[in-house]
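To start, the structure under review is shown below, and the notes come after it.
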Amino acid sequence: MVGNLAVNDSRKTALQLFAAALLCAIGTTLLSLWFFHFYADIDGGRSPHSLFVVVASVFVIAAGPRLVASFTAKHLAYLSLIGIFIGAFLAVAVPAWAPVGSGATAIAGTFLEIFVYKSLLSLSNATMRKVFVTATVGGIFAGSALPLDAPTALFTASVCMALAVALAASRLDLGPGTREGRGAPSVHVRRQIILRVRPAAGLIVLAFVAHLASANAVPLGPGLTGGAYLAALVLLWLSAIAHDDTSHISLIRCLVLISAVVCAMRLSGNFDTEAVAFVETVLGIIVWTGIIVVALDLATYAEVPFSTIMGGVYLPLTGPAALIYLVSLAVPSLPAMLSSSLADAAIICLLVFCGLYLLNEQSLDDLFWGAHDAEGTNRNEDDASPATAREEAAPTPLAPDSTTSPSAASSEQEAADTIARLAAEAQLTAREHEVLGLLAEGRSAPFIAEYLSIERSTAKTHVARIYAKLGVHTRQELISLVLSAKGLGGAER
C-alpha cells in the first residue's frame with residue numbers, strides 16, 4: 001500500500017480540534033439563544049441576529065484577505081474574543097449601549113467561529129468532515145439543552161469561545177499548504193473555482209427554501225430533540241462523510257428531499273405539530289452543518305481565500321433570515337404569509353425546479369471542482385451544448401501529442417510516469433490504472449462512468465478500491481498524493 005499523505009492526523013490533534021469545534025458550537029448556540037431572549041423583551045420577539053451575521057459576512061469577504069495578510073489568524077481570533085467580552089459587558093452592564101453591545105457580540109462571534117473552522121484545515125479531508133460534523137451537531141444540541149438563564153448563557157458562551165480559541169490557536173495559521181506530519185509537508189493542489197450562474201443560483205434558491213421549510217420549528221421535548229439531532233447526524237454521515245463526493249450531490253439531494261417532505265407534511269394536515277417540528281429540526285441542522293462542510297472541503301483546494309469562501313457561505317445561510325427580518329419590519333404579516341399552505345406549495349415547486357434543472361450532477365461537479373490553472377481551462381459554460389461540454393470537459397491526455405509544446409509534453413509525460421509508478425506500487429489493475437489517471441485530473445465517478453462508458457456503480461467501485469490501495473479517502477487527498485509523488489520522482493531524477 002502506498003503511504004498516506006503527510007498530514008498531522010494524529011488522534012491527539014483530532015481530539016484537540018474536536019474539543020475546539022464542540023466548544024465553539026456550544027458558545028455560538030448560547031450566544032444565539034441569549035440574543036433571541038434579549039430581543040424578545042424589547043422588540044416583540046423579532047431578533048436582528050441574522051442581520052448582524054450578514055454584516056459580519058460581508059466584512060469578512062471585503063476585508064478578510066487584507067486582514068489575514070496583515071495579521072496572523074491567531075491574533076485576529078484573539079481580537080474577536082476581546083470583542084465578544086466587550087460586547088457582552090456593554091449588553092449586560094450598560095443598558096443604553098445594549099443594542100450596540102449585542103451587535104458587537106454577534107459580529108465578533110461570527111468572526112471567531114470562522115477562525116476556529118480554519119484550524120480544521122490542518123486535518124485530512126476525511127477526518128475534518130468527521131470532526132466538524134460530530135462536534136457541531138453535538139455542540140448545538142448541548143448548547144440548546146443547557147438549562148441556563150440569559151445572563152448565565154451569555155457568560156458561559158464567552159467562556160466556551162475563549163476555550164475554543166485556546167485549543168485551536170496552535171493550528172490557526174496552518175492551512176492545507178503547510179500541513180505537518182511525520183514527513184515533509186504534502187503538496188496540495190490548488191484550483192480556480194469559476195462561479196457558474198446556473199448551479200450557483202440553484203444553491204442560493206435551495207438555501208433559501210430550506211430556511212423557509214425549517215424556520216417554523218417549535219421547541220421539542222428532550223427525547224424528541226435528542227432523536228432529531230441523532231437523525232440529522234446519521235443523515236449527514238451518510239451524505240457527507242461515508243464516501244468521497246466533491247460535488248456534494250448526495251448532501252444536496254438530502255436537503256431537497258427533506259425540504260419537500262416538510263412542506264408536504266404541512267400541506268397534508270395529517271401530521272401533528274411535533275412530527276412536523278421533528279423533521280423541521282432535522283432539516284435545520286443539516287442545512288447549517290452540511291453547507292459549512294461543503295465550504296471546508298472547498299477551502300482545501302480552491303484558490304479563493306478561506307475568509308472569502310466562509311463569508312460567501314454565511315450569506316446564503318443567514319441571508320434569508322436577515323431579508324425576512326428587514327421586510328417584516330415594513331410588512332408585519334410576512335412571517336404568517338411564508339408559513340401558509342401557498343408558500344409550502346411554492347417551495348415544493350422551487351425544489352423540483354432546482355433538482356431537475358439547476359442542480360444537475362455535472363454542473364455541480366464543474367462548479368465545485370473548478371479548473372486546474374489560473375486561466376480556467378475547463379470552460380464548460382452553462383449555455384454550451386451537451387456534446388461540446390463533454391468535449392471541453394474531457395481530461396488532458398497523459399501522453400504528449402504532436403500539438404503539445406515541449407515543456408507541456410515533458411510535464412504530461414512526467415505525470416503519466418508518476419501515475420504508472422503509483423499504480424505499480426499499489427498493484428492496481430489495468431482498468432484501475434486508467435481510472436487513476438482520470439481521478440488525477442480531478443474527475444468525479446459520474447464523469448468517469450460516462451467517459452469510459454461503464455456503469456456508475458462500476459466506476460464507484462473502481463474509485464473505492466483505488467482509494468483503499470493508495471491509502472487516501474478523498475479525491476483531494478489522491479491528487480495531493482500524486483503531486484507529492486511527482487515531486488519525489490523529479491527529485492530522484
Side-chain angles (χ1 to χ4, degrees), residues 23-64 67 76-117 136 139-140 142-165 211 215 217 219 284 288 310-311 313-315 317-330 332 334-335:
L23 289 167
C24 181
I26 293 173
T28 53
T29 302
L30 290 175
L31 280 179
S32 299
L33 293 175
W34 169 81
F35 215 97
F36 287 110
H37 288 149
F38 177 79
Y39 278 92
D41 298 330
I42 64 175
D43 196 17
R46 285 193 303 239
S47 169
H49 179 263
S50 56
L51 185 61
F52 286 120
V53 176
V54 166
V55 172
S57 304
V58 173
F59 183 80
V60 166
I61 294 172
L67 288 174
L76 291 173
Y78 289 148
L79 289 174
S80 300
L81 188 59
I82 293 171
I84 290 176
F85 279 101
I86 293 176
F89 173 78
L90 290 175
V92 173
V94 188
W97 286 82
V100 175
S102 65
T105 303
I107 292 173
T110 302
F111 291 162
L112 199 58
E113 191 173 24
I114 291 174
F115 287 124
V116 172
Y117 291 160
T136 302
I140 296 174
S144 60
L146 288 174
L148 303 175
D149 56 29
T152 306
L154 182 58
F155 173 76
T156 305
S158 303
V159 172
C160 286
M161 300 295 273
L163 292 174
V165 171
H211 170 80
W288 179 266
M310 294 307 300
V313 163
Y314 269 66
L315 285 178
L317 276 174
T318 57
L323 181 62
I324 292 171
Y325 169 77
L326 289 174
V327 176
S328 66
L329 295 178
L334 179 65

Quiz item: Please walk me through it: do F111 and I107 pass side chain to side chain contact (heavy atoms under 4.5 Å, CB included)?
Solution: CA-CA 6 Å; F111 291 162; I107 292 173; 3.7 Å; yes

Atom [atom1] in [X], atom [atom2] in [Y]: separation rounded to 0.5 Å?
{"X": "H37", "Y": "S32", "atom1": "NE2", "atom2": "OG", "value": "11.0 Å"}
{"X": "E113", "Y": "T28", "atom1": "CD", "atom2": "OG1", "value": "4.5 Å"}
{"X": "S50", "Y": "L317", "atom1": "OG", "atom2": "CG", "value": "11.5 Å"}
{"X": "T318", "Y": "H49", "atom1": "OG1", "atom2": "NE2", "value": "9.0 Å"}
{"X": "T156", "Y": "L33", "atom1": "OG1", "atom2": "CG", "value": "11.5 Å"}

Which atom names give the shortest non-hydrogen contact between [X] and [Y], and what distance separates them?
{"X": "P99", "Y": "P95", "result": "CD-O, 4.2 Å"}
{"X": "A77", "Y": "V165", "result": "CB-CG1, 4.3 Å"}
{"X": "G87", "Y": "T105", "result": "C-OG1, 3.1 Å"}
{"X": "A164", "Y": "C24", "result": "CB-N, 3.8 Å"}
{"X": "S80", "Y": "A108", "result": "O-CB, 3.4 Å"}
{"X": "S158", "Y": "I84", "result": "OG-CG2, 3.7 Å"}

Taking C-beta and beyond as the side chain, do [X] and [Y] meet within less than 4.5 Å on heavy atoms?
{"X": "Y325", "Y": "L329", "value": "yes"}
{"X": "M161", "Y": "L23", "value": "no"}
{"X": "L76", "Y": "F115", "value": "yes"}
{"X": "L315", "Y": "V58", "value": "yes"}
{"X": "L154", "Y": "L30", "value": "no"}
{"X": "P151", "Y": "D149", "value": "yes"}

Quiz prompt | Within 6.0 Å of CZ in F85, more than 12 heavy atoms from elsewhere | solution =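 It does: F85 CZ has more than 12 such atoms within range.
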
Exercise. Kindly state whether the ring of W288 and the ring of Y314 have centres lying under 6.0 angstrom apart.
Key: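 Under 6.0 Å, so yes.
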
Quiz prompt | Test log, rule side chain to side chain contact (heavy atoms under 4.5 Å, CB included), inputs F59 and T110 | solution = CA-CA 11 Å; F59 183 80; T110 302; over 6 Å; no

Exercise. On the 0 to 90° scale, with breaks at 30° and 60°, tag the F52-F35 ring pair as parallel, tilted or perpendicular.
Key: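 Ring orientation of F52 relative to F35: perpendicular.
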
Quiz item: Checking T29 side chain against A25 main chain: does a donor-acceptor pair fall under 3.5 Å?
Solution: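 Judged by distance alone, yes, a pair lies under 3.5 Å.
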
